[in-house]
Engineer: 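Below are the structure tokens for one structure; questions will follow.
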Amino acid sequence: MEKMNINNPFYEAPVYYRDVTGSTMEDSKKDASRGIFHGTVYRTSYQESGRGRIRGRNWLSTKAQNLMFTLVLKRSKLDFELNYLPLIAGAALTSAVRDYCGKIFYLKWPNDLIYNGKKCAGILCEADSEYFYCGIGVNCNQIEFPTEISHKTISLKSIVNSDIDLDNLNTLILRKFKYFLEKGDEWRNSVESFLYK
């Protein structure tokens, strides 16, 4: 695992990268058991065991085409419980992708980013006694998807007709995340305006 040279707004927290891994969620939990900085990020190019919020569903992704990472937050530095985290993450993700792409995206509660009725990103949040773990997967530069999901899945590249810079998008999502964590209940208004249907 190597440290990425990208700007993490969570100050001293590193962004770790592994080319291929089981899942960034599991990587983050292993390290957290030994203690890590608030805001540490675990990112990969390909997850062999990426999973969705619903048990039995995997996150399907072509290697090196999409953005997949887990953000780790210390519970002691936050004043909310786990049930709020997916909504705060949703506000950050939706706001960041809207700004990056200049298009209107919606948040399908509790964890999907939607464009024209198709899913382009997902959120998975978990917790233990010391940390919150927020996994985010964004379909960025992948154009083709498996037949079983192609009718309901889309990538950002397909929407804007240009390549997505994964590092820039990652940094923007982290900035939005930190912003909403520091702005009290402001995320509530954003979530209400972003909600799908």
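Small disclaimer: the values here were computed from a predicted structure and weren't measured.
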Engineer: For a quick check under 3.5 Å, do Tyr46 and Asn66 share a side-chain donor-acceptor pair by atom type?
Structural biologist: no
Engineer: Under the criterion side-chain contact (heavy atoms from CB on, under 4.5 Å), I'd like the reasoning laid out for Leu174 against Leu71: C-alpha separation, chi angles, the key distance, then a yes or no.
Structural biologist: CA-CA 8 Å; Leu174 294 174; Leu71 169 65; 4.1 Å; yes
Engineer: Taking CD in Glu144 as the centre, count heavy atoms belonging to other residues, nucleotides or ligands within less than 6.0 Å. Is the count above 12?
Structural biologist: no
Engineer: Verify, without hydrogens or angle tests, whether Thr94 (side chain) and Ala91 (backbone) share a donor-acceptor contact under 3.5 angstrom.
Structural biologist: no
Engineer: Hey, are Ser155 and Ser158 close enough side-chain-wise for a donor-acceptor pair under 3.5 Å?
Structural biologist: yes
Engineer: Grab the two heavy atoms, one from Asp31 and one from Arg34, that are nearest each other, plus how far apart they are.
Structural biologist: OD1-NH2, 2.6 Å
Engineer: Short question: side chain of His38, backbone of Leu73 - any donor-acceptor pair under 3.5 Å?
Structural biologist: no
Engineer: Between Lys30 and Asp27, does the salt bridge (Lys or Arg N to Asp or Glu O under 4.0 Å) criterion hold? Intermediate values first, please.
Structural biologist: CA-CA 5 Å; Lys30 287 177 184 176; Asp27 288 344; 5.0 Å; no
Engineer: With a 6.0 Å cut-off (strictly less than), is the heavy-atom count around CZ of Phe80, excluding the residue itself, greater than 12?
Structural biologist: yes
Engineer: Does the side chain of Arg43 reach to within under 4.5 Å of the side chain of Thr70, using non-hydrogen atoms?
Structural biologist: no
Engineer: For a side-chain contact (heavy atoms from CB on, under 4.5 Å) check, start with the C-alpha distance between Phe69 and Ile173, then their side-chain angles and the critical distance, and finish with the verdict.
Structural biologist: CA-CA 11 Å; Phe69 69 94; Ile173 294 170; 3.9 Å; yes
Engineer: Would you call Glu192 and Arg188 a salt bridge, using N to O less than 4.0 angstrom?
Structural biologist: no
Engineer: Less than 6.0 angstrom from the centroid, inside 45 degrees of the normal: does Lys29 satisfy that with respect to the ring of Tyr133?
Structural biologist: yes
Engineer: Evaluate side-chain contact (heavy atoms from CB on, under 4.5 Å) for Asp163 paired with Lys157, printing each intermediate quantity in order.
Structural biologist: CA-CA 6 Å; Asp163 287 337; Lys157 182 177 180 177; 2.8 Å; yes
Engineer: For Lys108, does the NZ atom have more than 12 heavy-atom neighbours from other residues, nucleotides or ligands under 6.0 Å away?
Structural biologist: no
Engineer: Which residue pairs pass the side-chain hydrogen bond (donor to acceptor under 3.5 Å, both in side chains) test with at least one member in residues 80-89, sequence neighbours excluded?
Structural biologist: Arg75-Glu81
Engineer: Under a 4.5 Å cut-off applied to non-hydrogen side-chain atoms, are Val41 and Val72 in contact?
Structural biologist: no
Engineer: Are side-chain heavy atoms of Tyr106 and Asp112 found at a separation under 4.5 Å?
Structural biologist: no
Engineer: After noting the C-alpha distance and the side-chain angles of Ile136 and Met68, does the key distance pass the side-chain contact (heavy atoms from CB on, under 4.5 Å) rule?
Structural biologist: CA-CA 6 Å; Ile136 292 178; Met68 293 165 288; over 6 Å; no
Engineer: So Tyr16 and Tyr42, would you call those rings parallel, tilted or perpendicular, with 30° and 60° as cut-offs?
Structural biologist: tilted
Engineer: Cation-pi between Arg175 and Phe180: NZ/CZ under 6.0 Å from ring centre and within 45° of the ring axis?
Structural biologist: no
Engineer: Taking the side chain as C-beta and beyond, is there a heavy-atom pair between Leu113 and Lys119 under 4.5 Å?
Structural biologist: no
Engineer: Looking at Ser95 and Ala92, would you say the former's side chain and the latter's main chain have a donor-acceptor pair under 3.5 Å?
Structural biologist: no
Engineer: Is a donor from one side chain sitting under 3.5 angstrom from an acceptor on the other, for Thr21 and Gln47?
Structural biologist: no
Engineer: Do Cys101 and Ile159 have side chains that get closer than 4.5 Å, going by heavy atoms?
Structural biologist: no
